[in-house]
Amino acid sequence: MTLTTKIAWDDTVLPFQLDRCDIRGRVARLDQTLERVLAQHDYPPEVEAMVAEAVLLTAMIGQTIKLRWKLSLQVRGNGPIRLIATDFYAPSEEGAPGRIRAYASFDATRLIAGQDPFGQIGQGYFAILLDQGRDTTPYQGITPLSGGSLAACAEAYFAQSEQLPTRFALSYGQSSAPGEPSLWRGGGVMLQHMPKASPLMGDGASGEDGLLAAVDLLDDDAAENWNRANILLDTVEPLELVGPRVAPTDLLLRLFHEEGPRVYDALPVAFGCTCSEERVRNSLSIYSARDIGHMTTDDGRVTADCQFCGAHYEFDPSTLGFEASADPEQGHGSQD
């Protein structure tokens, strides 16, 4: 693969369809996007791995949402890794990239180096939230943590909440070219059986912890097609997923050439945060002057930091809250 081809496919999500088996999917390649998400924080390796996996899942799931919508993925547990949160913002206009941001909360004193990262989340839940914009009610779907990976949790979520058989194959890590620094890179394939008018519900659920699995949702013919596609996906190599030597279109032909793969327009993705001085100021507008006083530092400022991108904001306390005594335009809010 030439450098030009590599750059063309980096930080994209390519939707596709397998015409002969009624399955759709996406191929994701994240390069600078994943590097920028993780570069905002100094996470331990175990936390980095979980954030990288969550970002890949968010990119592939988020590709389906419409303009101006936001999809959020949240993982909460009672272990050392307490929270992983990602947001995917759909393109603001045709041709614009989808934007992704992420952060994690963890207890460094409880983390065990070298131990399975997913196991250090503990017991908790996996959730997907969809915000469709003003004057709409956000949608939220929740499933317990299970299956040994965030990808398995996402598969269980789609089976439980959407009755859609879904499969993910992911690979991510740090890599470098000769003479260049190590950078994060990730890739993955998502398969999803096309929705039926009336999903088949068998006798009970066969998944872990009593959750629905793909086999519970398909009749015999569909199950045969689904199993064949999954067997083909099982042959994929990690380096084929992350690239850069195998283009996503070539990967689909390697894996599914007999299934009639058909691709659509790729969606570019990029790191992006929506924080701003105005948003922070608005979030503080519910507080009284007394509350603002408790937030004020010894040097007479109110400060706030964005957990996603690390932006730092400082404000004149007299310009904040519903009892503000000074015009915000005359305040001294700043971003570092």
Side-chain angles (χ1 to χ4, degrees), residues 28-62 71-88 100-129 142-158 166-176 181-190 207-209 211 233-234 236-243 271 307-310:
R29 289 279 171 81
L30 300 184
D31 183 65
Q32 289 299 319
T33 298
L34 187 56
E35 174 66 24
R36 287 201 62 189
V37 166
L38 293 172
Q40 308 301 317
H41 308 275
D42 186 19
Y43 291 137
E46 294 75 21
V47 179
E48 282 186 319
M50 290 293 89
V51 173
E53 185 173 0
V55 168
L56 277 168
L57 292 171
T58 303
M60 287 188 282
I61 299 170
L71 180 140
S72 299
L73 185 153
Q74 288 189 9
V75 178
R76 290 185 180 270
N78 61 3
I81 303 177
R82 297 182 294 230
L83 170 68
I84 300 169
T86 65
D87 289 329
F88 179 95
I100 299 177
R101 64 179 189 173
Y103 82 94
S105 173
F106 62 96
D107 184 348
T109 64
R110 297 171 60 200
L111 274 175
I112 302 176
Q115 192 176 86
D116 171 43
F118 181 81
Q120 300 197 63
I121 301 175
Q123 295 181 329
Y125 66 82
F126 176 100
I128 288 181
L129 302 89
I142 297 176
T143 190
L145 294 175
S146 65
S149 69
L150 296 184
C153 293
E155 293 167 1
Y157 162 82
F158 277 106
T166 305
R167 168 78 189 282
F168 293 93
L170 307 178
S171 181
Y172 48 86
Q174 289 184 305
S175 64
S176 63
S182 295
L183 298 174
W184 275 89
R185 186 174 182 86
V189 175
M190 175 183 180
E208 184 176 326
D209 298 328
L211 298 174
L233 183 57
D234 286 339
V236 72
E237 299 289 339
L239 288 178
E240 291 179 310
L241 290 172
V242 300
F271 170 78
Q307 293 174 303
F308 287 97
C309 71

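Because only heavy atoms are used, hydrogens play no part in the values below, and waters and symmetry mates are left out as well, while side chains stay in.
By the 6.0 Å contact criterion, CG on Asp42 is open, its count of non-hydrogen atoms from other residues, nucleotides or ligands being 12 or less. Counting heavy-atom neighbours within 6.0 Å of Leu239 CG, excluding the residue itself, gives a total of 12 or less.
Scanning all heavy atoms of the two residues, the minimum distance from Leu56 to Ala28 falls at CD2-CB, 4.4 Å. The shortest non-hydrogen separation linking Leu111 to Pro44 is CD1-CG, 3.6 Å. Among all heavy-atom pairs drawn from Pro117 and Ile81, the shortest one is O-CD1, 3.7 Å.
Panel note: side chain Glu46, backbone Gly114; a donor-acceptor pair is recorded below 3.5 Å. Without hydrogens or angle criteria, Arg82 side chain to Gly77 main chain gives no donor-acceptor distance under 3.5 Å. The backbone N or O of Ala104 lies less than 3.5 Å from a partner atom in the side chain of Tyr43, making a donor-acceptor pair. Between the side chain of Asn78 and the backbone N or O of Gln123 there is at least one donor-acceptor pair closer than 3.5 Å.
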Evaluate the criterion side-chain contact (heavy atoms from CB on, under 4.5 Å) for residue pair Phe126 and Leu73; output intermediate values, then yes/no. CA-CA 8 Å; Phe126 176 100; Leu73 185 153; 3.7 Å; yes
* Would you sort out whether Gln120 and Gln115 count as a side-chain contact (heavy atoms from CB on, under 4.5 Å), showing the intermediate values? => CA-CA 8 Å; Gln120 300 197 63; Gln115 192 176 86; 3.5 Å; yes
ask   = Given Leu71 and Ile128, is the side-chain contact (heavy atoms from CB on, under 4.5 Å) satisfied, shown in steps?
value = CA-CA 7 Å; Leu71 180 140; Ile128 288 181; 4.1 Å; yes
Would you check, one step at a time, whether the test side-chain contact (heavy atoms from CB on, under 4.5 Å) holds for Ile142 with Arg76? CA-CA 11 Å; Ile142 297 176; Arg76 290 185 180 270; over 6 Å; no
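One finds the CG atom of Leu145 at 5.0 Å from the CZ atom of Phe118 (value rounded to the nearest 0.5 Å). With values rounded to the nearest 0.5 angstrom, Ile84 atom CD1 is found 11.0 Å from Tyr103 atom OH. Arg101 CZ to Phe308 CZ: the interatomic distance, rounded to the nearest 0.5 Å, is 4.0 Å. Interatomic distance, Leu30 CG to Leu38 CG, rounded to the nearest 0.5 Å: 10.5 Å. If you take CH2 on Trp184 and CD on Glu48, they are separated by 5.0 Å, rounding to the nearest 0.5 Å. One distance of note links CG of Asp31 with CZ of Arg36; it measures 12.5 Å at 0.5 Å rounding.
Classification of the Phe158-Phe168 ring pair by plane angle, with boundaries at 30° and 60°, yields tilted.
Using a 4.5 Å heavy-atom threshold, the side chains of Met50 and Val75 count as separate. Here the side chains of Leu170 and Leu241 are not in contact, with every heavy-atom distance at 4.5 Å or above.
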